[in-house]
Amino acid sequence: MLSVLIQKELKAIILSPKFTATFIICSLLMLLSVYIGIQEYQNSVKQYDAGKQLIDEGIREATSWHSVRYRAYRAPDPMQIFVSGLNYDIGRWSAINSQSMVKLRNSSYTDDPIFAVFRFIDFTFIVLVVLSLFAIMFTYDAVNGEREDGTLKLVFANSVPRARYILAKCIGGWLGLVVPICLPILLSILLVQLFGIPLSADNWLRLATLIAAAIAFFTFFIILGVLISAMTKRSSVSFLLALVAWIVFVLIIPRAGVIVAGQILPVPSTAEVEGQVQSFSRDRWATFYTAQEERWRERSLHNNQSEGDLSAVEEEKLWKYMEEDDAARKAVQQEIDEFDRKLNDDLRHRRTAQERLAFSLSRISPASAFQLAAMDLAGSDIALKSRNEQAMDLYRTEYTQFVQAKQAESGPGGGAFTIQIDTEKGVSIGTPRDQAAVDATQLPVFVPPTFSFSDAAATFLLDLGLLLIFSIVAFGGAFAAFLRYDVR
Amino acid sequence: MLRILIEKEIREIIGSAKFAVIFGACAILILTSCYVGARTYQANRAQYEAAKAENLRQFEGMTDWFNIQQHRIFLPPQPLASLVNGVSNDIGRTTEVWGRGELSAQDSKFGDEPIYAVFRFLDLEFMFQVVLSLFAVLLGYDAISGEKERGTLKLSFANAVPRDKYILGKIIGSLTALTVPLVVALGIGSLLLPLLGVPLSGDDWLRLFLVILTGLLYFAAFLTLSIFVSARTERSSNSFLVLLVVWILCVLIVPRASVLLAGRAVNVPSVDEIAAQKARFQQQQWHEDRASWSNFKPTKSDDPNAMMDELNRYMEEQADIRDKKMQEFTARLNEQRYNKQVEQQNLAFSLARVSPAATLSLGVTSLAGTSITLKDHYNDEAKAYQSLYANFMKEKTGTNPGGRMFMFRAKIEDGEEVKPEPINPQELPEFEYHQPDLAQSISAAALDMGLLAFFNLLFFAGAFVSFLRYDVR
Amino acid sequence: MSELPLQSTQPMLEAVNLTKRYEDGVLALDRVSFQVRAGEIFAMLGGNGAGKTTTINLFLNFIEPTEGEARINGIVTHLEPLKAKEQIAFVSENVMLYANFTAIQNLDFFARLGGQTHYTRDDYHNVLLRVGLAKEAHHKRLRGYSKGMRQKCGIAIAILKNAPAILLDEPTSGLDPKAGHDFIELLASLRAEGKAILMSTHDIFRAKEIADSVAIMNDGKIIMQRPAAALVDTDLEQLYMQYMAGRSSELVG
Ligand SMILES: Nc1ncnc2c1ncn2[C@@H]1O[C@H](COP(=O)(O)OP(=O)(O)OP(=O)(O)O)[C@@H](O)[C@H]1O
Ligand SMILES: [Mg+2]
């Protein structure tokens with residue numbers, strides 16, 4: 001009997017005129033989104049390669065380690081084809097040097113705000129907005145529509161248990177909607193293959209789980225439609241309720257969660273923190289310079305010269321003084337770095353707390369659970385920024401050590417020049433010490449942080465579990481509601 | 001006759017449960033978005049004030065203006081930007097001003113606090129673009145086909161009712177029944193803004209009024225579109241499906257797709273490429289300049305301080321020359337990129353304007369001053385400030401801080417250090433951000449508002465013509 | 001009524017060679033002609049799909065005739081639909097009204113739409129009582145109405161229009177026996193007011209009881225048409241069965 005009922009459900013869905021139209025539209029949108037994703041990914045790869053090449057060129061042309069400018073680029077990930085996440089909101093590169101801290105700059109949207117005007121569409125967005133909408137469009141009148149047609153009375157004129165009927169509704173609806181949707185999903189994967197995007201085994205695993213999450217999300221909305229239709233007598237009412245529920249789940253709760261969290265746990269802005277660091281550093285430098293000034297005065301006195309006159313001091317001694325100064329400068333630099341790190345750590349902690357609250361709040365909605373799961377899987381989640389910044393930070397230490405060693409090797413003041421002001425001879429400007437190209441073969445290369453399935457698994461499983469729980473709750477609700485449904 | 005039809009339409013809509021639910025939801029959402037906008041504005045304002053204060057605080061205790069080289073200016077949060085976000089969260093807000101050279105704004109809200117970028121914002125524009133249009137579809141999809149299904153169309157046309165009057169009554173009735181409550185909700189929402197601590201100038205009020213007007217035009221466009229579609233279909237379930245597809249296309253697909261298409265069609269050189277070219281040019285300039293420095297001979301060779309000043313002046317001259325060359329070079333590069341960008345934008349936006357949703361977006365962001373031109377406008381404002389700052393510093397120290405060489409100098413008189421007076425950082429000229437001219441904003445938005453009005457007329461005419469041939473049985 | 005003097009000279013409702021072929025090729029009506037004069041009730045009998053509703057739709061200009069014409073008081077409906085419709089009231093096969101409106105609200109709307117703006121609330125109550133709708137229901141929304149209650153509202157709307165011609169498509173379907181009986185009396189009183197009434201029905205007995213003229217339709221044609229006087233002694237049901245069985249020719253002979 002169950003199979004008879006399921007068959008009827010399947011037929012009702014697949015033969016309905018709206019099915020063909022919706023199916024075609026969903027398929028086209030999905031393929032379009034993946035096509036766009038592929039194009040954007042290829043663009044990102046091109047930009048990434050070009051950026052790295054420019055850096056290499058710059059190093060090759062440099063004549064001194066003092067003039068080397070290094071940038072670390074965030075690497076694109078093929079998963080962004082399906083989930084663009086925060087990829088375009090977060091800076092693409094950071095300057096790497098001893099003076100400034102790592103900070104990602106120039107996001108795609110900042111560079112080209114035209115893309116920010118309407119944002120991108122990706123596979124996740126299509127699932128999130130379009131598929132969910134279509135799911136409830138097909139199921140909002142599952143039960144009460146039959147009541148209105150009078151067929152419900154006819155069905156229950158036979159010895160059909162109610163439980164079996166509602167089960168068949170859900171299973172039939174699920175099969176009728178999920179199975180056809182798998183076709184465009186497979187086609188889009190084929191499209192990725194056609195464009196020759198290399199996907200590693202880990203990518204495949206992540207992609208498969210992403211699709212599983214999408215189906216779990218889709219299932220929730222299918223069952224939600226049945227639930228609403230089993231709670232109302234008239235399909236016009238359930239239609240309205242279903243749409244309002246959709247708007248609340250997909251559009252409102254996710255955003256509201258973040259806003260509420262922002263109100264509860266405010267976080268200082270980057271500009272504010274940077275301002276604090278700047279004033280600290282200025283303080284430190286001011287004392288450093290007064291101290292240095294004092295030192296030079298002492299040195300000149302020590303050399304039995306009158307103040308400000310150092311002409312008699314031999315060149316080498318002068319370089320030694322400069323070395324001393326350099327060491328002191330480094331100490332100050334380190335102090336500032338530490339202060340900066342402390343403030344930034346604090347900022348990061350507060351931000352993490354805020355994020356955790358925001359996401360917990362917004363996870364009331366399956367739409368947020370799905371979106372977060374998708375971003376986690378693709379590695380374009382909120383941690384994308386800190387993950388990259390941390391890796392770059394580590395690299396920065398490595399890089400500065402290397403470069404400083406190199407600078408020391410080529411003698412102090414390499415690339416720098418001396419300016420001497422002399423009461424008699426006037427001002428003379430020296431030339432830098434070395435002019436040959438630098439040897440960059442041993443320069444450590446920045447390796448972008450790798451991200452794999454296991455990194456995402458923890459949070460992802462939470463979200464997938466949530467999605468399943470939502471579906472089960474909705475099913476339980478539909479079941480309970482239908483047992484007491486007035487079939488007349 | 002027309003009056004009877006309109007009256008009936010209004011009464012039917014207002015009496016329906018559908019209207020009650022939808023209007024309730026709308027009112028709540030509109031008020032929420034106004035509230036959220038106000039809170040966001042205050043939060044942004046607090047951040048802005050803190051950053052500004054911090055920026056000045058770092059100069060406290062300094063004794064010489066000479067020691068200040070660069071400082072930062074910030075894009076102040078605009079009251080309307082929190083209602084119509086536009087690109088305001090995507091572009092950099094902090095600019096470092098050195099007195100000369102190119103300016104680039106950093107630290108976008110979304111880049112800084114990606115948490116807000118995860119789900120985007122809930123602003124008034126979103127409310128109009130997505131929610132209200134969906135509600136318009138919901139309220140209008142069965143305007144004609146629903147009456148047919150209920151048999152009331154037949155009954156009405158058993159009377160001597162001219163079709164044109166009927167459809168006119170339908171459209172006018174629906175429009176009044178739906179827009180009047182919306183206007184009330186929006187009005188209350190806007191009046192709440194000053195109470196929630198958002199200062200709105202007379203200018204802002206006018207802008208807000210026009211934003212709401214544009215939003216209502218958009219809502220009306222979707223409503224007439226729904227009536228149009230329902231006058232072309234036999235069954236209301238079909239008209240809903242058609243409308244849903246049209247809605248998805250207009251709101252979600254066309255705008256994005258057209259930008260991507262334009263991105264394909266017009267190739268804008270990447271920022272990185274241009275930055276690398278600039279860096280290379282600058283390096284080259286620097287090298288050339290450095291060679292020429294040994295030519296410098298001070299005129300007075302007895303006073304080190306005077307020599308220092310002279311050197312600084314010399315360096316500044318050099319820097320000025322370098323700066324000029326650099327400016328010419330970057331101007332050329334920037335212009336190339338800018339022209340390409342404008343070309344791309346024009347193409348993208350003309351394509352996108354096929355969809356009323358894109359038109360709405362472009363119109364209201366122009367009015368709120370958060371359209372794509374915000375980035376350039378902020379940059380222009382910052383440039384204007386930069387020259388102000390350079391002049392101020394010249395007055396204070398004699399040189400432009402952007403080309404100076406030395407971070408410190410000591411005033412020594414007869415071997416005795418003079419205790420100098422601390423400077424007052426408040427003297428620094430303040431960065432005043434001016435919104436784009438009202439007239440300019442309006443003329444930018446006029447096209448979009450006109451287009452929305454045109455959509456209204458088009459759908460109205462479509463509904464009218466379709467209904468004249470509609471099978472009322 | 002001013003039209004009364006015309007009674008003998010001009011039929012109020014007239015079908016002249018009325019033919020309708022639908023877009024899909026179905027010939028729903030094949031050269032049907034008949035006349036209904038003021039103060040006369042014309043009943044159409046016939047199986048499902050015989051063409052009764054099509055005939056009525058043609059009089060209402062919901063569809064245009066393929067050939068021939070339908071006239072109301074001499075006005076050709078598809079040439080001057082608005083003028084023609086001023087003269088008719090209509091009760092549809094399955095009365096559906098605005099579900100969110102109360103009976104009074106529905107009546108008020110349709111009465112005013114029909115140009116009758118002078119009615120008061122009491123008039124509405126009276127006419128609803130006249131068609132047999134209990135007072136308690138008058139201010140309830142139609143959402144909760146039964147089929148027969150909606151039917152009564154539909155009839156009330158037709159009465160309120162006060163038009164010289166009334167078209168009724170199966171008006172008694174869904175009415176309880178008492179309401180059916182009352183309805184027949186109502187029709188009689190309307191006839192006495194001088195209305196021309198064209199009704200389609202499946203109720204042979206009521207048709208015989210009230211109609212001045214009875215027609216049997218089959219496959220788009222009128223296969224039998226007789227004045228009531230000629231039916232007094234015949235068993236109409238038997239006659240109907242015989243006609244439908246296709247033995248019409250031998251009976252006529
Ligand atoms: N819109 C249409 N398109 C095509 N054919 C139609 C259409 N409406 C009716 N028909 C056909 O015209 C014929 C007459 O239909 P009509 O509705 O007039 O019958 P009826 O006499 O009112 O039947 P019933 O007693 O069941 O109400 C039928 O064969 C029907 O199939
Ligand atoms: Mg019929």
Side-chain angles (χ1 to χ4, degrees), chain A residues 18 21 25 36 47 50-51 54 86 89-91 105-107 109-111 113-121 129-130 237 240 243-244 247 251 254-256 258-259 262-263 266-272 275-276 278-279 282 289 293 307-308 354-355 358 362 382 385 421 423-424 426-427 429, chain B residues 18 21 25 36 39 43 47 50-51 54-55 57-58 74 87 90-92 94 106-108 110-112 114-122 130-131 138 241 245 248 252 255-256 259-260 270-273 276 293-294 296-298 301-302 304 307-308 311 344-345 348 372 375 407-408 410 415:
Chain A
K18 63 181 167 183
I25 287 164
I36 290 170
Q47 211 175 22
L54 285 173
L86 293 178
D89 293 291
I90 289 175
R105 296 163 172 277
N106 288 58
S107 72
Y109 283 156
T110 311
D111 280 353
I114 184 174
F115 294 110
V117 174
F118 301 121
R119 315 247 160 229
F120 288 121
I121 36 174
V129 177
V130 183
V237 174
L240 204 69
L243 263 173
V244 170
I247 290 176
L251 303 177
R255 291 152 202 260
V258 172
I259 288 163
Q263 304 284 330
V267 165
S269 75
T270 312
E272 200 181 330
Q276 280 171 0
Q278 234 170 41
S279 61
R282 214 171 284 263
Y289 285 124
E293 219 173 293
E307 270 180 42
Q354 191 195 47
E355 281 157 15
S362 59
I382 191 129
K385 189 178 175 193
I421 308 172
T423 13
E424 265 99 63
V427 172
I429 299 170
Chain B
K18 183 158 90 169
V21 172
V36 166
R39 295 304 300 257
Q47 275 191 349
E54 199 51 58
N55 179 55
R57 214 178 61 77
Q58 63 176 328
F74 310 94
V87 297
D90 295 288
I91 63 164
T94 311
Q106 291 294 333
D107 302 341
S108 68
F110 281 163
D112 261 9
I115 183 173
Y116 291 109
V118 173
F119 301 117
R120 311 280 167 217
F121 256 109
L122 186 70
V130 178
V131 183
L138 268 183
L241 205 68
V245 170
I248 289 176
L252 306 176
R256 293 149 203 257
V259 168
L260 288 163
S270 88
V271 189
D272 297 2
E273 261 168 64
W293 285 348
S294 32
F296 174 75
K297 287 275 169 320
S301 48
D302 46 353
M307 270 199 295
M308 193 74 154
L311 175 67
Q344 191 186 49
Q345 265 167 38
I372 188 153
K375 189 179 174 188
M407 291 283 287
F408 71 97

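Chain naming here is simple, since letters A, B, ... match the order of the sequence lines and numbering starts at 1 in each.
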With chain A as the partner, which of Q106(B), Q344(B), K18(B) has the greatest number of non-hydrogen pairs under 4.5 Å?
Q106(B)

Non-hydrogen atoms of chain A under 4.5 Å away: do they reach the side chain of A25(B), the backbone, both or neither?
neither

Need one label for Q47(B): side chain, backbone, both or neither, based on atoms under 4.5 Å from any heavy atom in chain A.
both

Picking from L260(B), N55(B), I91(B), V130(B), which has the most non-hydrogen pairs under 4.5 angstrom with chain A?
L260(B)

Which atom pair, heavy atoms only, marks the closest approach of G92(B) to T110(A)?
N-CG2, 3.8 Å

Under a 4.5 Å heavy-atom cut-off, does chain A meet the side chain of K375(B), its backbone, both or neither?
side chain

Roughly how far, to the nearest 0.5 Å, is CZ of R39(B) from CD1 of I259(A)?
11.5 Å

For chain B, find which of N106(A), V237(A), V129(A), I90(A) contributes the most heavy-atom pairs closer than 4.5 angstrom.
N106(A)

Less than 4.5 Å apart, side chain to side chain, heavy atoms only: is that true for V130(A) and I248(B)?
yes

What residue, out of I25(A), I36(A), V244(A), L251(A), has the most heavy-atom pairs lying under 4.5 Å from chain B?
L251(A)

Heavy-atom proximity to chain A below 4.5 Å, by part of V259(B)
both

Residue, of G262(A), S362(A), P254(A), A50(A), that accumulates the most heavy atom pairs under 4.5 Å with chain B
P254(A)

